[in-house]
Amino acid sequence: MTTVKEKEIIQEQFKVRMNEDELLNCMRCGFCLPACPTYIESGYKESHSPRGRIALMKAVTDGLIEPDEDFERSLNLCLGCVACETVCPSGVKYGHLLEEARDIVSQNKKYSLSTSIVRKTVFERLFPHPKRMKNVTGLIGFYQRSGLQTMARKIGFLGILPEHLTLMEKVLPPVSTMKELKNRPVHAEPIGKQTHRVAFFSGCLMDSMFMKTNDATIKLLQLAGCEIVIPEEQTCCGALHGHYGEKGGSKDLAKRNIKAFEDLNVDFIITNAGGCGAFLLGYDHLLKEDPEWGERAKKFTEKIQDVSEILVVVNFHERVKLELPSQIITYQDSCHLRNVMKTASAPRLLLQSIKGAEYVEMKDADRCCGSAGIYNIIESEMSMKMLDYKMVQAKNTHATTIVTANPGCLLQVKVGIEKERLAEKMRGVHIVDLLLEAVKE
């Protein structure tokens, strides 16, 4: 419960920090409404639309309403998919407004002791520290390999968890050994004639929980003729911090990453996770007020590129033979890859180039699957509504393989497959893993 004093402080901060011009840019035209998943799934509730949330932010800024629990609920229920930005005729930067509003609320209210401990653990003690992330992931790997997982499932221990968490535990990828997690490459030579020198943003979860996908990414880049540098000093992109009211933490992580990559003399900085790539691309906005880091951030963001884009640039699909056993594949867009990084055609072109596989476009492939970082954990009811809709569309394609380009989306799709009891007929896979599977050397 937010106290009266906290509400007063939050309201004052809204007056000082919210971008008045950006708030006024919203013309209330409603173009965003059919693009907003939470507006649709909430039964067309105006306060759960981008237009409605901006109106609430403006009302708080002007002192017309209090930043009460209903206001905070409206902010929290937003996925942050920014599909609204792609259809907005005024070019309103809704994502920036949302992050600023969430940060103001988060930094000026007192959480319960349990919530404070969780937030401090996640945002300060875990994600900013790659070694700790790998240690925690290593424990999950031990749980999977030691027999504890089998025992927990056999005795029904997981039954105490909500259904979506039980399904998520079931679809977690096999985690590599601690030795493998700590013995990561820092450089890789191109295979064949060199086309580019690139740096690889390996990420935190991607280089621990999804380490095999990172390995596949490096292999594809090598086959594309890229010399690859992987700086050891890099850290978490800061997306989780930025999206959940810890803007200060995201700025610190941004500075660490810029410093790690800026003197490598590379053509591109490659990512393989849509959410990470989009947040990296926003470092220039995040640090625009910082006289020391603003220009450095801009130079950094100019080099960010998704792995699918560079593969298309070097004509990977023509340089390398791609073939799979007969199957139908479809593609689920990563919201941030499509809406922020503007990457939509490259993944489809690569998938359509695989011989033996038939590509079928999914209806509303660009609509959020409900993952959105940790949204599927903290807002499970709304998340599952979106996943149910997504699985209907996936089944209509008759696909046996659903391809994604983001780890959260991949886990969400796998949860959907398990939820629909389709595991024997359908699989979810990251695009780089499927492409490497299709490579015929």
Before accepting this row, confirm whether a basic side-chain N of the pair [X]/[Y] lies closer than 4.0 Å to the acidic partner's carboxylate O.
X      : Y      : value
Glu227 : Arg197 : yes
Lys288 : Asp284 : no
Lys109 : Glu6   : no
Asp290 : Lys255 : yes
Arg51  : Glu46  : yes
Lys212 : Asp433 : no
Arg367 : Glu41  : yes
Lys251 : Glu246 : no
Asp103 : Arg17  : yes
Glu302 : Arg296 : no
Arg184 : Asp215 : yes
Lys93  : Glu22  : no
Lys134 : Asp207 : yes

Cut-off 3.5 Å, side chains only: do [X] and [Y] have a donor facing an acceptor?
X      : Y      : answer
Glu169 : Thr166 : no
Ser112 : Thr115 : yes
Thr38  : Arg53  : yes
Gln412 : Ser383 : yes

Considering only heavy atoms from C-beta outward, does the side chain of [X] approach that of [Y] to under 4.5 Å?
X      : Y      : value
His243 : Phe279 : yes
Ile40  : Pro34  : no
Ile354 : Leu435 : yes
Gln332 : Lys390 : yes
Tyr389 : Asp364 : yes
Val105 : Phe71  : yes
Cys36  : Pro50  : yes
Arg256 : Pro128 : yes

**Prompt:** Take atom OH in Tyr111; do more than 12 heavy atoms of anything else shown fall under 6.0 Å from it?
**Reply:**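 More than 12 heavy atoms, drawn from other residues, nucleotides or ligands, come within 6.0 Å of this atom.
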Got a second to check how far [X]'s [atom1] is from [Y]'s [atom2], nearest 0.5 Å?
X      : Y      : atom1 : atom2 : answer
Glu418 : His164 : CD    : NE2   : 15.5 Å
Thr343 : Leu337 : OG1   : CG    : 4.5 Å
Ile304 : Ile270 : CD1   : CD1   : 8.5 Å
Glu20  : Met57  : CD    : CE    : 13.0 Å
Ser345 : Leu350 : OG    : CG    : 9.5 Å
Ile329 : Ile431 : CD1   : CD1   : 8.5 Å

**Prompt:** His285 vs His96 aromatic rings, parallel, tilted or perpendicular, using cut-offs 30° and 60°?
**Reply:**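 Judged by the thresholds at 30° and 60°, the geometry between His285 and His96 is parallel.
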**Prompt:** Tyr44 vs Tyr39 aromatic rings, parallel, tilted or perpendicular, using cut-offs 30° and 60°?
**Reply:**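 Perpendicular.
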**Request:** Go through the steps for His430 and Phe210 under the test ring pair (Phe, Tyr, Trp, His ring centres under 6.0 Å), then give the verdict.
**Result:** CA-CA 10 Å; His430 192 289; Phe210 297 90; 8.1 Å; no
**Asked** Do you know which of Ser202, Pro173, Ser176 makes side chain to side chain contact (heavy atoms under 4.5 Å, CB included) with Met211?
**Response**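 Result: among Ser202, Pro173, Ser176, Ser176 is the only option passing the side chain to side chain contact (heavy atoms under 4.5 Å, CB included) with Met211.
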**Message:** Let's go through Asn135 and Lys182 carefully: what are the C-alpha distance in whole Å and the side-chain angles of both, what is the deciding distance for side-chain contact (heavy atoms from CB on, under 4.5 Å) to 0.1 Å, and is it a yes or a no?
**Reply:** CA-CA 9 Å; Asn135 287 337; Lys182 293 183 176 181; 3.6 Å; yes
**Asked** With distance as the sole test, does Glu309 use its side chain to make a donor-acceptor pair with the main-chain N or O of Asp306 at under 3.5 Å?
**Response**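 Such a contact is absent between Glu309 side chain and Asp306 backbone.
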**Prompt:** Is it the case that Arg102 places NZ or CZ above or below the six-membered ring of Tyr244, under 6.0 angstrom from the centre and within 45 degrees of the axis?
**Reply:**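 Because its charged atom sits under 6.0 Å from the ring centre and within 45° of the axis, Arg102 does stack over Tyr244.
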**Message:** Less than 6.0 angstrom from the centroid, inside 45 degrees of the normal: does Arg348 satisfy that with respect to the ring of Tyr331?
**Reply:**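 No.
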